Each structure stands twice: as structure tokens, then as C-alpha cells.
There are 2 protein chains.
Amino acid sequence: MATPAPATHDDVDLDPPVDLGELSSNLGYMLRRAQLAVFEDFHRSLAGEDIRTAQYSVLLVLRLNPGLRQNQVCAALGIKTANFVPLLDGLERRGLAERRMMQQDRRARGLFLTQLGQTTLLRLETLVAEHEARMAALIGDDDRTRLIELLNRLV
Amino acid sequence: MATPAPATHDDVDLDPPVDLGELSSNLGYMLRRAQLAVFEDFHRSLAGEDIRTAQYSVLLVLRLNPGLRQNQVCAALGIKTANFVPLLDGLERRGLAERRMMQQDRRARGLFLTQLGQTTLLRLETLVAEHEARMAALIGDDDRTRLIELLNRLV
DNA sequence: TATTGTTATACTCTATAACTATA
DNA sequence: TATAGTTATAGAGTATAACAATA
């Protein structure tokens, strides 16, 4: 038996590579690793903006669907209503979105972007576009489109 | 302006569909939704086995790389060593894996599957194979292979 | 001095149950 | 009775700092 090289500070490769085996073709595992890698680049791209992925998705939905009830935003994005409250509190405190009483149903609140929310979202979108371009560069534009389409079929 | 149908219990469609806009082509968002959907099916498939995705990946790695140090498993799977301790404690408590002292370096522990760990893993793998088959049925076998390959390029 | 594994701890995300005010 | 939003809380998952034993 060959003596394995001891792992010292002089070694360039400290450890032999670990064989992941079938894990490399496990869909859930690969999706998780890819998602973590993409989110990491996303957060790096928005460093200094203090915006979470969930908050960004809410801003996008509110611009396209102004007046939605909290309830509806939650259903569309898969967020529990209980968890949505502090998320929205944060956006409101920063003046990016607002709750408005609805005259038709005084239990419900319609959600809207503020003017600041609109301009902030535009700024975020340029950063996100750079992020998306970086991701597309990794796999090519055609394959990016194909990937999105495949992911859509899994949901 | 047409009066929107009030959302009552008699409506089949309670809410108008929400337009997700560019979110549908946001790579991170779609990866997250897809990953959640796949993990949900994974957990349903392993219901009653009380195995987390991270634990399953550790079992797979240990079978293929017996004797790895905790350190190395963590690096391969992207787990912090501090978080790996309770995860491994759980596997050891259930008799699926074990730490063995290493004579070369008494700080380190080599990790191994037990006999029970091996047979348990075989049982889990048949359930996971059914899960993977179900996922492949959603997109087709060729596209599943292509998807894995695309995800690999993102990591 | 540096490294392996460990403990303690904190922060984010997610999940559930119970409450309020309205319907 | 049921629903929209809220509060409180608990559980995962993940992150950092500091420590003991060993190198």
C-alpha cells in the first residue's frame, strides 16, 4: 500500500478529492448547490442595498400588480402570511411600499409601491440585470433560457 | 371599467392570477421554487425514515469514501464543521455511522458507515430512486440529464 | 503556532396556533 | 362562521467566536 501524503502546510493539494458519486446526479442536491451559488452572487450584487431575495420579489410583484392584498402576494410567492408581516413592515419602514385600507373590505389592505419604492426598484434592477448577465455567461444565453424552462416544469 | 367579481365562497377562482413578470425568468427565484418543489417530493418519499437531505448526502459520501475526517466531509458538502457535529451525533446515536480514532493524528476522527448504516442506505436509495424517477417523468430523461449538467456549470 | 473537533450562541427562514376585527 | 391580518413562538438551517486536545 502506498503511503498517503501527509497533509502538511507544504502540500498544494491538502486533501484527496472526495467522490460525491450519485450525489452529483441527485436533482435536489444539485438544485440546492446551484441555488446557493446563484443567491451568493445575487447578494454580492446587491451588497449595500440591504435587500433580501424575498423583499426583491415582493417589490417586483407590487409594481406589476398594484393594490394586491397581502394574502394574494403571499399565495403568489409562497410566503406564509404570518412571516409576511415583518417583511412588509421592513419595506414600509424604509418607505418603499405601503399598506392602504380597502373600502370594500376593511379587514384587508391593498399594497402599493411608493415613489421611492419605484425608483429604488429601478436601481436594484440594473444590479440584478448585471447579476443575471453574469449567470448567463456561465452557461450561455440559449442554455439559460432552456434552464429556466426546465425549472418551470419542476414547479 | 368592468366590475371585478367579488371573492366569495361561490367563486371557483377566488383570486385573479398574479403576474410574476420578470420574476419568472429570474434564475435565483426559479431555482429556489424548483428546489423547494423537489425537496418536498424528496421528503414525502422518505416520510417515516426521519432522514434529512444533509444526512442522506453524508451517508452517501461515507459509503464511497470510508475513513474521511469530519473536516473533509464538511468541505465536500459545504457544511460548517460546527454544524456537522450535531448532524453526525444523530447518525451515530441511531447506529448508522461511527467516528473512529485515527492513530496517525489523534485530533482527527475517521468516519464510517456501520453495517446498519449500509443496509439503511440501500433502503433509502430505493425510495430516492422512485423520487428521482418521478422528477424525471416531469421533464423527461434527456432533459433531466441536461438539467443536471446545466446546474453543474452554475456551481 | 496551527489544526481538529467541539461548545455556545445568534441570526435567518420557515411553520403553527391563537388572537382581533371585520365579513 | 369564516376570512385578513397580526402576534407569539418554536423549529430548522446557517454563521461566528472561543475553547481543549493535539500537531
Side-chain angles (χ1 to χ4, degrees), chain A residues 5-11 14-15 28-29 32-33 35-37 39-40 42-43 50-58 67-93 97-111, chain B residues 6-11 14-15 28-29 32-33 35-37 39-40 42-43 50-58 67-92 97-111:
Chain A
T8 75
H9 56 86
D10 287 323
D11 288 318
L14 285 109
D15 288 319
Y29 178 77
R32 173 174 164 269
R33 297 305 294 251
Q35 189 234 295
L36 288 177
F39 268 42
E40 193 182 319
F42 183 95
H43 285 125
D50 190 29
I51 284 284
R52 313 270 158 187
T53 52
Q55 292 177 314
Y56 178 70
S57 66
V58 169
L68 278 189
R69 286 176 283 117
Q70 297 188 195
N71 173 358
Q72 296 173 303
V73 176
C74 287
L77 293 175
I79 304 175
K80 303 276 176 199
T81 59
N83 298 327
F84 189 63
V85 174
L87 188 162
L88 191 55
D89 286 347
L91 294 178
E92 216 171 21
R93 205 176 319 114
E98 59 181 5
R99 296 160 161 108
R100 294 189 203 153
M101 289 301 178
M102 299 187 83
Q103 67 281 26
Q104 317 96 295
D105 184 342
R106 287 165 50 220
R107 292 171 304 180
R109 287 94 205 272
L111 301 184
Chain B
T8 75
H9 56 87
D10 289 323
D11 288 318
L14 285 110
D15 288 320
Y29 177 77
R32 172 174 164 268
R33 296 305 294 249
Q35 188 233 297
L36 288 177
F39 268 42
E40 192 182 320
F42 183 94
H43 285 125
D50 190 29
I51 284 284
R52 314 268 158 189
T53 51
Q55 293 177 313
Y56 179 70
S57 65
V58 169
L68 278 188
R69 287 176 282 116
Q70 298 188 195
N71 177 355
Q72 295 173 303
V73 176
C74 287
L77 293 175
I79 305 173
K80 302 278 176 197
T81 59
N83 298 328
F84 190 63
V85 174
L87 188 162
L88 190 55
D89 286 347
L91 294 178
E92 217 172 20
E98 58 180 5
R99 297 162 160 107
R100 294 191 202 151
M101 290 300 177
M102 299 187 84
Q103 67 279 27
Q104 317 97 296
D105 183 343
R106 286 165 52 219
R107 293 172 304 181
R109 285 95 205 271
L111 301 184

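Letters go in sequence order (proteins before strands), and every chain restarts at 1. Note that the structure is a prediction, hence the values are computed from the model and not measured.
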* Should A:Gln55 and A:Leu91 be marked as a side-chain contact (heavy atoms from CB on, under 4.5 Å) after you check the CA-CA gap, both sets of side-chain angles, and the distance that decides it? -> CA-CA 8 Å; A:Gln55 292 177 314; A:Leu91 294 178; 4.1 Å; yes
Original post:
For C:dT3, does either OP1 or OP2 sit under 4.0 Å from a side-chain N or O belonging to B:Arg69?
Top reply: no
Results of side chain to side chain contact (heavy atoms under 4.5 Å, CB included) for [X] - residues two or more places apart only:
X        : answer
A:Thr53  : A:Phe39, A:Phe42, A:His43
A:Arg33  : A:Tyr29, B:Val155
B:Glu92  : B:Glu98, B:Arg99
A:Ala108 : A:Arg69, A:Met102, A:Asp105

Value in whole Å for how far the [atom2] atom of [N] lies from [atom1] of [X]:
X        : N      : atom1 : atom2 : value
B:Gln72  : C:dT3  : CD    : C1'   : 13 Å
A:Leu88  : D:dT6  : CG    : P     : 7 Å
B:Leu87  : C:dT6  : CG    : P     : 12 Å
B:Asn71  : C:dT6  : CG    : C1'   : 13 Å
B:Met101 : C:dT4  : CE    : P     : 15 Å
B:Phe84  : D:dG13 : CZ    : C1'   : 15 Å
B:Gln35  : D:dG13 : CD    : P     : 12 Å
B:Gln70  : C:dT7  : CD    : C1'   : 13 Å

Assess whether side-chain contact (heavy atoms from CB on, under 4.5 Å) is satisfied between A:Arg100 and A:Arg109, documenting all intermediate values. CA-CA 5 Å; A:Arg100 294 189 203 153; A:Arg109 287 94 205 272; over 6 Å; no
Which heavy atom of [X] sits nearest to which heavy atom of [Y], and what is that distance?
X       : Y       : value
B:Ser57 : B:Ala54 : OG-O, 2.7 Å
A:Leu88 : A:Ala97 : CD1-CB, 4.4 Å
B:Val85 : B:Gln70 : CG2-NE2, 4.4 Å

Picking from D:dG5, C:dT4, C:dT6, the nucleotide nearest the side-chain atoms of A:Ala108 would be D:dG5
Under 3.5 Å between N/O atoms: give me all the protein pairs with nucleotides 21-23 of chain C, atom names plus distance.
from: C:dA23; atom 1: OP1; to: A:Arg106; atom 2: N; distance (Å): 2.9

Expected rows: protein N/O vs nucleotides 13-18 of chain C N/O, under 3.5 Å:
from: C:dA15; atom 1: N7; to: A:Asn83; atom 2: OD1; distance (Å): 3.3
from: C:dA15; atom 1: N7; to: A:Asn83; atom 2: ND2; distance (Å): 3.0
from: C:dA15; atom 1: N6; to: A:Asn83; atom 2: OD1; distance (Å): 2.8

